[in-house]
Amino acid sequence: MSHHHYPQGNIEWNPIPFAGKWGISTSFFQIAAQWAREQRAQGETPLPVPQIAAQIANQVSEALTLPSGFQRVESVNGYLNLYFDPLEFTRRVVDFVLERGERFGWGETKGKRILVEFSQPNTHKAFHVGHLRNVVLGDALCNILEAAGYEVIRANYINDTGLHVIKWLWNYQKHHAGEEPGEDKTRWMGDLYAEANKRLEENPQLESEVRQLYARWDQREPEIMALWQKTRQWSLEGFDQIYATLGVRFDHVFYDHELEKPGQELVEELIRKGIAVDERPEGPVIVRLDDLLGLKKETYRVLVVLRSDGTSLYATKDLPLAIKKFEMFNPDRSVYVIDVRQSLYLQQIFKTIALMGHPEWAERCYHFSYEIVNLPGNVTIASREGTVVLLEDLVREARQRALEVVREKNPNLSPAEMEEVARVVALGAIKYPMLAREATKIVTFDWNAALDFNGQAAPYIQYAHVRANSILRKMDTPLPASLVPSHELHPTEIQLIDWISRIPGEVQRAAQEMRPLYLTNLAYELARAFNDFYAECPVLKADEETRAARLRLVAAAKQAMANLLRMLGILPPEVM
RNA sequence: GCCCCAGUAGCUCAAUGGACAGAGCAGUAGCCUUCUAAGCUAACGGUUGUGGGUUCGAAUCCCGCCUGGGGCGCCA
């Protein structure tokens, strides 16, 4: 084996993937494999690739002059590991975090704008845990994109018209005229909607009354319009309550009813341009996507853009909405946070936009798809079946449970503080399961799991943050100035700093791939590392120099955990 | 029939094509006169659905199959 010319290869550095090992690593397998191929091509019999890689790694490690900032180099099994100088690196990481403060983890401004549409609730209907997943994911996604350096426009699209609204109005007029919602507006709206469906199921002949009412609404009869306006407002107020509870805001809200007329006009345009086929009155207005795109295999199939009776469908309004978003905001990306069942539908919408002469807009559209929330036993959440967990109930139960726990764990807090802690912990616990798995996985909602605040859950991370805060609160001096630690670092200190140092890179990766999960995982690992450190390393009682260095590390860890939690839409409490 | 997704420990889930597949929950055995035990430690727990292929190297990429879920012309 030779010492001659190995092929050139790209060197990719990664963190050394072992706990307590602290540095960067690369391997020489690719170069070794390339070398072996060349040898074989020349009729020679090379050594096995792992052996060649090991030899290269050895040679490199011997020849290498240690770059500054590194402590030692190591060659093992074909890998080359460069270990950081822990003391200097610690100072750099900690100083950087404390300088950046709340902006630690944030990236440079990218000069790109992303519009994210999420939540999309229906007025006159309930708000359940399935809807929660959308809001939680959409909000976290916006936070993460913003942190990564994008300009983000948070858009909501409220569905305030349609058959479900008419059914609700019919039931209200007939059985609840003059009634008003109580404090829990959304629940009441949902109850009346479920009741309407029940009545119609029991007496199908009543459907004709609903159709009559729909016709009157379509005619814009003042009495009906006034009722619609008034009742719609109740739902909107209910949504505002929910978004306030969840700590979610929107920059712009689109309403279904605004798009009705543009939608009808757009359909006429599609027909004129020969994109849509008008089969009325026998059939609806359709866009034969596969035919128009010349696809032989069924791919996009057929999109129905208008009912045969001329009334609007989702597509009737989604098409003008897609265009309106570009005209209003000209985003570089237009993201739709919508569940996976609408995948084909959204692809149809995007293709239709392209066919209408806006291929550049269509390319900027992206479906952020996520799986639904089920109940145990693979039971779908459906208000008609009565299998529904309302968000209001979940929040109330979780707050109640969290309040019991905080009373037991920390009886010194004032009642007001306890309420606030319970609120923050409960919301974190509720949001966490939505963020702690791939969006492609179904979430099975389970009351026991939802109300369990131990282990891998938001309260674990929040508690680590509280512990860090607790140490800092008891520090009777100002935070020590920047220093290079003089004590030998404990492995748990190294692990903690290692996780902190990865945050800016992981924020970029999470934004790039639109995966909040990366930050959820990181936040958990960081909290775990802090709890290990907390158990192993005294801070306040350490000797003066160790104490100073550790206090700064605790402050940095606290900041890091708080920043990650906020990106996930979870609040970091000061006490628990 | 066509298309999409999932399948990893008893359960819920992680895991840049890379080094020994990691956590939590449940169960077992321990740790509170020491910065809050919503915590920590230890042991236990795996043929990554299955059969091929690509690769120096596969839970990860490709092909087939199995199981479960979802979508597919006037629901939203």
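The sequence lines fix the lettering, A, B, ..., with proteins before strands; numbering per chain opens at 1. Scope of the values below: all heavy atoms of this structure, side chains included, with no hydrogens, waters or symmetry mates.
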Practice item. When you get a sec, tell me which of B/G1, B/C40, B/G73 is the closest nucleotide to the side chain of A/Ala535? Key: B/C40
Review point. Is A/Glu282 touching bases, backbone alone, or none of the nucleic acid, heavy atoms closer than 4.0 Å?
Key: base
Exercise for review: Let me know the distance between CZ of A/Arg437 and P of B/A23, rounded to the nearest Å.
Suggested key: 19 Å
Check your understanding: Which part of the nucleic acid, if any, lies within contact of A/Thr299, taking any heavy atom under 4.0 Å across all strands shown: a base, the sugar-phosphate backbone alone, or nothing?
Key -> nothing
Review point. Is atom NZ of A/Lys125 surrounded by more than 12 heavy atoms (other residues, nucleotides or ligands) closer than 6.0 Å?
Key: yes
Check your understanding: Looking across every strand, which nucleic acid part, if any, lies under 4.0 Å from A/Asn378 by heavy atom: base, sugar-phosphate, or nothing?
Key -> sugar-phosphate
Review point. What's the closest nucleotide to the A/Tyr460 side chain, out of B/A19, B/A23, B/C40?
Key: B/C40
Practice item. For A/Asn81, answer base if it contacts any base atom (sugar-phosphate contacts may also be present), sugar-phosphate if it contacts only those atoms, and nothing otherwise; contact means non-hydrogen atoms under 4.0 Å. Key: base
Point to revise | Of the listed nucleotides B/G1, B/A76, B/G18, the one nearest the side chain of A/Gln30 | key: B/G18
Review point. Does B/C32 fall in syn (glycosidic angle within 90° of 0) or anti?
Key: syn
Practice item. Just label B/G73 as syn or anti from its O4'-C1'-N9-C4 or O4'-C1'-N1-C2 angle, using within 90° of 0 for syn. Key: syn
Check your understanding: Any idea which of B/A38, B/A76, B/C56 is nearest the A/Arg37 side chain?
Key -> B/C56
**Study point:** Check: A/Val287 and A/Leu292 side chains under 4.5 Å, non-hydrogen atoms
**Key:** yes
Review point. How about A/Phe29 and A/Tyr79: are their ring centres within less than 6.0 Å of each other?
Key: yes
**Study point:** Exercise: do A/Asn122 and A/Tyr193 side chains pair donor with acceptor under 3.5 Å
**Key:** no
**Study point:** A/Lys441 side chain, from C-beta outward: closest of B/G7, B/A76, B/G70
**Key:** B/G7
Review point. Does A/Arg232 count as lying over the ring of A/Tyr255, i.e. NZ or CZ under 6.0 Å from the six-ring centre, within 45 degrees of the axis?
Key: yes
Revision key, fill the gap. Of the listed B/C56, B/A19, B/A76, the closest approach to the A/Pro50 side chain comes from B/C56
Review point. What is the distance, rounded to the nearest whole Å, between atom OH of A/Tyr534 and atom P of B/U34?
Key: 11 Å
Check your understanding: A/Asn531 near the nucleic acid: base, sugar-phosphate alone, or nothing, with a heavy-atom cut-off under 4.0 Å?
Key -> sugar-phosphate
**Study point:** Selected nucleotide, minimal atom distance to A/Gln456 side chain, candidates B/C2, B/G24, B/A76
**Key:** B/G24
Point to revise | A/Leu540 vs A/Arg509, nearer the 5' end of RNA chain B by closest nucleotide | key: A/Arg509
Practice item. Output yes if the stacking criterion (under 5.5 Å between centres, under 30° between planes) is met for A/Tyr79 over the base of B/A19, else no. Key: yes
